[in-house]
Amino acid sequence: MAETERLNAYRNMWLMVLYDLPTETKAQRKAFATFRKNLQGLGFSMFQFSAYLRHVASRESADVYKKRIKAIVPEEGAVCVLEITDKQFEKMELYLGTKRKPPPNQPRQLELF
């Protein structure tokens, strides 16, 4: 593995947003739907129910997205943002049932130099 590839494996990040939002009242369901729609608008894809995932190119970019997520958190509930390096993400083991869809593909990495 080339040195730049090895360093990129620790520099490239994945952001995982885990949330638990109440949906008992109509207003809570609307806040839930708005939060979920805003997450998708920020480029996050559903990994599991209440778990969304996005690839970012750097820690600085991850910080920008964390600020954006913080701005859209509903008044009630809990939202957790987890940073995972590309190296850690590749070690994730995912077990799927026979009728489920395969996990999302990792986005293609552009190399400028």
Side-chain angles (χ1 to χ4, degrees):
M1 177 183 290
E3 183 69 20
T4 55
E5 289 180 34
R6 191 178 71 79
L7 292 175
N8 281 340
Y10 292 100
R11 182 171 161 76
N12 292 328
M13 308 284 299
W14 288 85
L15 284 180
M16 182 176 283
V17 178
L18 309 165
Y19 59 87
D20 186 17
L21 302 175
T23 56
E24 295 172 3
T25 66
K26 187 175 181 179
Q28 289 172 337
R29 285 190 293 275
K30 183 173 182 177
F32 171 87
T34 300
F35 177 74
R36 189 172 166 270
K37 186 176 176 182
N38 286 337
L39 266 184
Q40 291 171 330
L42 290 174
F44 285 83
S45 300
M46 187 169 78
F47 184 64
Q48 292 185 353
F49 293 118
S50 299
Y52 279 70
L53 198 61
R54 179 188 166 81
H55 183 266
V56 292
S58 65
R59 183 170 302 277
E60 293 80 14
S61 182
D63 291 340
V64 169
Y65 278 99
K66 286 192 293 186
K67 285 180 185 172
R68 291 178 181 167
I69 292 167
K70 188 176 180 181
I72 62 170
V73 171
E75 290 180 358
E76 298 179 78
V79 176
C80 172
V81 179
L82 179 65
E83 287 183 15
I84 305 168
T85 64
D86 219 20
K87 195 70 178 171
Q88 293 168 324
F89 188 79
E90 76 179 21
K91 291 184 177 182
M92 180 187 303
E93 293 185 24
L94 184 61
Y95 304 106
L96 301 172
T98 56
K99 291 186 179 181
R100 293 189 180 178
K101 296 187 304 186
N105 292 332
Q106 187 173 357
R108 209 170 105 210
Q109 178 66 39
L110 297 176
E111 189 169 321
L112 301 176
F113 302 101

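Keep in mind that this is a model prediction, so the values were computed, not measured. Any value given below was found using the heavy atoms of this structure, including those in side chains, with hydrogens, waters and symmetry copies removed.
Between Y65 and V81 the shortest side-chain heavy-atom distance does not fall below 4.5 Å. Side-chain contact between T85 and M13: present, with at least one pair of heavy atoms (C-beta onward) separated by less than 4.5 Å. Between N12 and Q109, the closest side-chain pair of non-hydrogen atoms falls below 4.5 Å. A 4.5 Å side-chain heavy-atom check between V56 and V64 finds every atom pair outside the cut-off.
By the rule that hydrophobic residues join a cluster once side-chain heavy atoms approach within less than 4.5 Å of another member, L110 and F89 end up as members of separate clusters.
If you check the side chains of R36 and Y19, you find no donor sitting under 3.5 Å from an acceptor.
A donor-acceptor pair under 3.5 Å is formed between the side chain of R29 and the backbone N or O of E24. Not a single donor-acceptor pair under 3.5 Å links the side chain of R68 to the backbone N or O of L42.
Using bins of under 30°, 30° to 60° and over 60° for the plane-to-plane angle, the ring pair W14/H55 lands in the perpendicular bin.
Of all heavy-atom pairs between E90 and K87, the closest is CG-O, 3.1 Å. In this structure, L21 and P74 approach most closely via the heavy-atom pair CD1-CG, 3.9 Å. In terms of heavy-atom proximity, I72 sits nearest to F35 at O-CD1, 3.3 Å.
In this structure, the separation between CZ on F49 and CG on L18 is 15.0 Å, given to the nearest 0.5 Å.
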